[in-house]
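Notes to accompany the following structure.
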Amino acid sequence: MKATPLSNCERRFLLRAIEERKRLDGRQCYDYRNVRVSFGADYGCCIVELGKTRVLAQVSCELVPPKPNRPTEGILFFNLELSPMAAPGFEPGRQSELLVKLNRLIERCLRNSKCIDTESLCVVAGEKVWQIRLDLHLLNHDGNIIDAASIAGIVALCHFRRPDVSVQGEEVTVYTPEERDPVPLSIHHMPICVSFAFFQQGTYLLVDPSEREECVMDGLLVIAMNKHREICTIQSSGGIMLVKDQVLRCSKITAVKVAEITELIQKALENDQKVRKEGGKFGFAESIPNQKITAFKMESAAVDTNNVEEQAEEIITKAEPPSDVFAKPILHTPGTAQIGEGIENSWGDLEESEREEAVEEEGESEATAFECQKMETEDTSTMRETKKDEPIVLSDSEEEEVVILEPQELPKKTR
Amino acid sequence: MAAGRGVAAEACVGQVVLPGDVLLLPAHPDEDGERLRLGAGAAPRGRLLCGPGLRRCAAGLLVTKCGLLRHRQAGGGAAAGGAYWVDSQQKRVGARRDYVGGGGEPPSCPRLTDLFVHEPRLQYVPVKGDHVIGIVTAKAGDVFKLDVGGSEQASLSYLAFEGATKRNRPNVQVGDLIYGQFLVANKDMEPEMVCIDSSGRSSGMGIIGQDGFLFKVSLGLIRKLLAPKCEIIQELSQLYPFELVLGMNGRIWVKAKTVQQTLIIVNILEACEYMTAEQRKQAFAKLSGN
């Protein structure tokens, strides 16, 4: 089946929108779409979502005789496939120009950057080495395949564990996962591709182009970089002339994006590691029993926030100032205060339970999700505060703010 | 839901089912050893249709698509009758229509067939009389080839425009958008479109202007928007003036005064599919506020 053609009005509108620095999904020029990494049940299997673009990666290994010219090095094999499932325009089993270009770029990004230590894959020099095979499948195409594929590839390689082997004389023993824990590959660094689309002969630049934007772009620049700011690959296509400044600016943006993505990948890997160790549900399996639909959900829509400030100000001016004025706070000792007389204080009890929670949480090694970690740090900080000044009634940081707020200041603020 | 074990079909209505799941049908006391008869095999207690995504098997119904299981009671108060189907959002399917009905012959009850046609899908199948938006892909002799999102391209004669004659050809370029109607839409045949009605008037059809933006939504959303009692369009029109063309093939063309306004409409319409009426009202209130 043919791909849907791009109509003239779409092209014109997209170019005009880009000139006005607007993008279809409400992103800014330098914004990356949301990256989501999820792992499969096996080691070395992951799905990376970049907006609506999805790539599935699977790593497998095999013991093979090495290449004669490199007897002590393992063999790496990369393969990216575009199936009609991703977009109706892709034909199965055909080496299209795009596919060759993407495969070549993946290979340059992962092999030529020497991010995987091939010498450590050698079992018996000249006789047996590990062949690592990385299969990438595009599940859905919404632009920027190369970035999604490069992230999926490196995540799968980092996640992969090969069986442990031992050599005794001539005999090579491969251990099952039950006998010995599988060993991870030794990965020196994580190269990640970042794409830049150029429009109007390089006048306008967009990071992470979507499918529609890719249809109207003039040129594409792909930079692969690791978090040490080392450029692993750089490729410009589309035949546009780029100024030195443009390339330098792109490399700077790449450094920022790569740092963010690397952090995300490491967090995802750590998280998965922990869940696996605890024996909880992990991988794609976790979405099945909940009967959760994992595809075709709407990302939170970008809302125009141009006039939000004015609106908020308007509301504030219209709203009446808070009616009841605080009674003068009574200072018992420095750091403690009381507002109002004779009212029973319910804050203390709450504090107790919070403190318990905080202690419990500190006992655990670490929280599972990132959000949890944040919460935990907050909790522990309040706990520390409470410990500092022991005999207090009210000790929350919020309470302190209330104390500082003088009654005279209130109308001034609202005006 | 392990495959092979089987779950009662009623228990799963409204829940997610996966390919390979087996759904058990309510047992009939008088039909013990005999296999259940579905579809055209009209049983006295009302017949049961299995719609898209379901197939008969020895134990009951076998799920072949993933999605939400739906059920509708047949009229006449038959207990075991009605229709089961899987409400799926399958993104890409082949050019065939879904197998409607359980038996070999098409079901005679029109209400139930209607119900399957309204299954939301992204792949469009041309239907005679549908108004669609097509993109001109080629000019071949006296016909234009239009991409309508179906499995095959549609053809449109240059004489099928209002006021067009052999000498007075319409000015159509490759890549232009055309809003037209299907005159011929048969299985295994090239669909044919026209931009005039039976009296030779354009009645709104023809070439769509050069400005504006075209985007695609699911067929389910288009049907929702084109429903007579649809509030979305009415609510949208209160925001600011804009032009809108809805094609039954899931394409929407929209043009507002500025790029920003057009983008807002596009994003609202795309989001409408996943919003409840209440959420939508809130979003509109937020937009009309500033």
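Every chain is numbered from 1 and lettered A, B, ... according to where its sequence line falls, protein lines coming before strand lines.
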Heavy-atom check, side chain of [X] versus side chain of [Y], under 4.5 Å:
X: Lys22(A); Y: Thr258(B); answer: no
X: Phe215(B); Y: Arg212(A); answer: yes
X: Cys9(A); Y: Phe213(B); answer: no
X: Asp211(B); Y: Arg16(A); answer: yes

Donor-acceptor under 3.5 Å (Arg12(A) side chain, Gln210(B) main chain):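 At least one qualifying donor-acceptor pair exists.
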Residue pair Leu24(A) / Leu263(B): nearest heavy atoms and the distance that separates them: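 Scanning both residues completely, I find the closest heavy atoms to be CD2-CD2, 3.5 Å.
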Pick from Ile208(B), Leu177(B), Ile268(B) with the largest number of heavy-atom pairs that fall under 4.5 Å of chain A: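 Max contact count across the listed options: Leu177(B).
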Side chain, backbone, both or neither: which part of [X] has a heavy atom under 4.5 Å from chain A?
X: Val174(B); answer: backbone
X: Leu214(B); answer: both
X: Asp176(B); answer: both

Distance, nearest 0.5 Å, that separates CD1 of Ile178(B) from OG of Ser7(A):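 With rounding to 0.5 Å, CD1 (Ile178(B)) is 11.5 Å from OG (Ser7(A)).
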Euclidean distance, Ile135(B) CD1 relative to Asn8(A) CG, rounded to 0.5 Å: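 With rounding to 0.5 Å, CG (Asn8(A)) is 9.5 Å from CD1 (Ile135(B)).
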Heavy atoms of other groups near Lys101(A) NZ, more than 12 under 6.0 Å: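 It does not: Lys101(A) NZ has 12 such atoms or fewer within range.
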Residue Glu278(B) excluded, over 12 heavy atoms near CD under 6.0 Å: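 No, the 6.0 Å shell around CD holds no more than 12 heavy atoms from other groups.
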Qualifying residue for side-chain contact (heavy atoms from CB on, under 4.5 Å) with Phe13(A), from Val254(B), Thr262(B), Val266(B):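 Only one option passes, and that is Thr262(B).
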Contact origin within Glu10(A) toward chain B - heavy atom pairs under 4.5 Å: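 Contact with chain B: backbone and side chain both.
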